[in-house]
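Atom set for the values below is all heavy atoms of this structure, side chains included, hydrogens, waters and symmetry mates excluded.
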Amino acid sequence: MATGANPHSILFTNGQYEPLWRTLSSSVHLIGVSVLSYCIACRTNRLSCRDLRSLPLNRCLVLLIFIDSWLFIFSAGLLISGVGLAFNSHSCSAGIFLCIVLYVTTKLLIYWFLVEKVHIVHPAYSRWKSRPYRICMLFIGGYFGVIIVMILGRIAFLRNGHQPASVNDSATDGACVIGLRPAASLSLLIYDLILNVLFTW
C-alpha cells in the first residue's frame with residue numbers, strides 16, 4: 001500500500017526500512033543525472049557551437065548517447081518521484097512509452113556507433129559504397145520492426161481491481177504495472193543478440 005506524502009509514488013513495503021528505500025530510489029536518479037552531466041560537460045568542454053557542427057560522427061554519436069541517457073534518467077525521476085506512475089492510467093502508460101522510446105534510441109545510437117567502427121576497419125571512399133557498412137545499416141533498419149512489436153506488445157495498467165482480463169493479477173494496491181508481453185520481450189532479446197554478434201564478430 002502507498003504511504004508517505006505522495007500516495008501515487010513508488011510502493012514500498014511498510015516497515016522500518018521504508019525511508020531507506022525511498023532515499024536510495026531518489027539517490028539513484030540524482031547521482032545518475034549528476035554523473036551523466038559531468039560526462040556531457042567533459043565531452044563538450046571548450047567546444048563552441050561551430051566546433052560542435054564539425055565534430056566527427058563517432059564523437060557526435062557518443063555525445064548523443066550521453067544526452068539520451070541523461071534524458072531517460074531525468075524524465076524517469078520526474079515521472080516516478082514527481083507525478084507518480086500510479087497517478088492515473090495516462091502517467092502509467094507514459095512510463096512504458098518512456099522506457100521503449102528512450103531505450104530504443106539509445107540502442108540505435110550505440111549500434112550506429114559500432115557501425116562507424118566497422119567503417120573504420122573497412123574504409124571506403126563513401127560509407128554507402130562499403131558493403132559491410134550497408135549490411136550493418138540494413139540490420140539496424142530491421143530494428144524498427146522490433147520497435148513496432150514492442151509498442152504493440154506493451155503492458156501498462158493500474159492494479160485497481162479493473163485489470164485486463166488477460167492479466168493474472170488480482171491485487172488492488174493501485175500500483176502501476178508496466179512491461180512487455182513475452183513475444184515482444186523475446187523478439188527484442190533475439191534481435192539484440194543478433195546485432196551484438198554481428199557488430200562484435
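- Although no hydrogens or angles enter the test, the distance criterion places a donor-acceptor pair under 3.5 Å between the side chain of Ser187 and the main chain of Ala184.
- Each of Ile148 and Tyr191 belongs to its own hydrophobic cluster when Ile, Leu, Val, Met, Phe, Trp and Tyr are linked at side-chain heavy-atom distances under 4.5 angstrom.
- When the ring-ring contact (aromatic ring centres under 6.0 Å, His included) test is applied to Tyr111, the partners found at least two apart in sequence or on another chain are Tyr143, Phe199.
- Not a single ring-ring contact (aromatic ring centres under 6.0 Å, His included) links Phe72 to another residue, sequence neighbours left out.
- The main-chain N or O of Asp192 is found under 3.5 Å from a side-chain atom of Asn196 such that the two form a donor-acceptor pair.
- We find the CD1-CD1 distance between Ile110 and Ile140 to be 11.0 Å, quoted to the nearest 0.5 Å.
- Taking the side chain as every heavy atom from C-beta outward, Tyr103 and Leu98 never approach each other to under 4.5 Å.
- Under the 4.5 Å side-chain heavy-atom criterion for grouping Ile, Leu, Val, Met, Phe, Trp and Tyr, Leu152 is not connected to Leu188 through any hydrophobic cluster.
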Taking distance alone, no hydrogens or angles, what donor-acceptor pairs closer than 3.5 Å link side-chain atoms of residues 33-40 to residues at least two apart or in another chain?
residue : atom : partner : partner atom : Å
Ser34   : OG   : Leu30   : O            : 2.8
Ser37   : OG   : Val33   : O            : 2.7
Ser37   : OG   : Trp70   : NE1          : 3.0

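- Inter-residue side-chain proximity for Phe97 and Ile151 is flagged as met; some heavy-atom pair is nearer than 4.5 Å.
- A continuous path of Ile, Leu, Val, Met, Phe, Trp and Tyr side chains, each step under 4.5 Å between heavy atoms, connects Val146 with Phe144, placing both in one hydrophobic cluster.
- Looking at every heavy atom in both residues, Ile178 comes nearest to Cys99 through CD1-SG, 4.3 Å.
- Inter-residue side-chain proximity for Ile155 and Leu180 is flagged as unmet; no heavy-atom pair is nearer than 4.5 Å.
- Put simply, CG on Leu108 and CH2 on Trp112 are 10.0 Å apart, with the number rounded to the nearest 0.5 Å.
- For the pair Arg59 and Arg43, the tightest heavy-atom approach, listed with the atom from each and the gap, is NH2-O, 4.1 Å.
- Note that the OG1 atom of Thr44 and the CZ atom of Phe66 stand 11.0 Å from one another [nearest 0.5 Å].
- Considering all non-hydrogen atoms of both residues, Ala156 and Ser93 come closest at CB-CA, 4.0 Å.
- The distance from the CG atom of Leu61 to the CG atom of Leu55 is 10.5 Å, given to the nearest 0.5 Å.
- Summarising the geometry, atom CG belonging to Leu198 is positioned 4.5 Å from atom SG belonging to Cys136; distances are rounded to the nearest 0.5 Å.
- Ile73 and Val101 sit in two unconnected hydrophobic clusters of ILVMFWY residues. Membership requires side-chain heavy atoms under 4.5 Å apart, directly or through other members.
- Once rounded to the nearest 0.5 Å, the distance linking CD1 of Ile67 with OG1 of Thr106 reads 11.5 Å.
- Hydrophobic cluster membership differs between Val149 and Ile96, with clusters built from Ile, Leu, Val, Met, Phe, Trp and Tyr side chains linked at under 4.5 angstrom.
- With contacts defined as side-chain heavy-atom distances shorter than 4.5 Å, the pair Phe74/His29 does not qualify.
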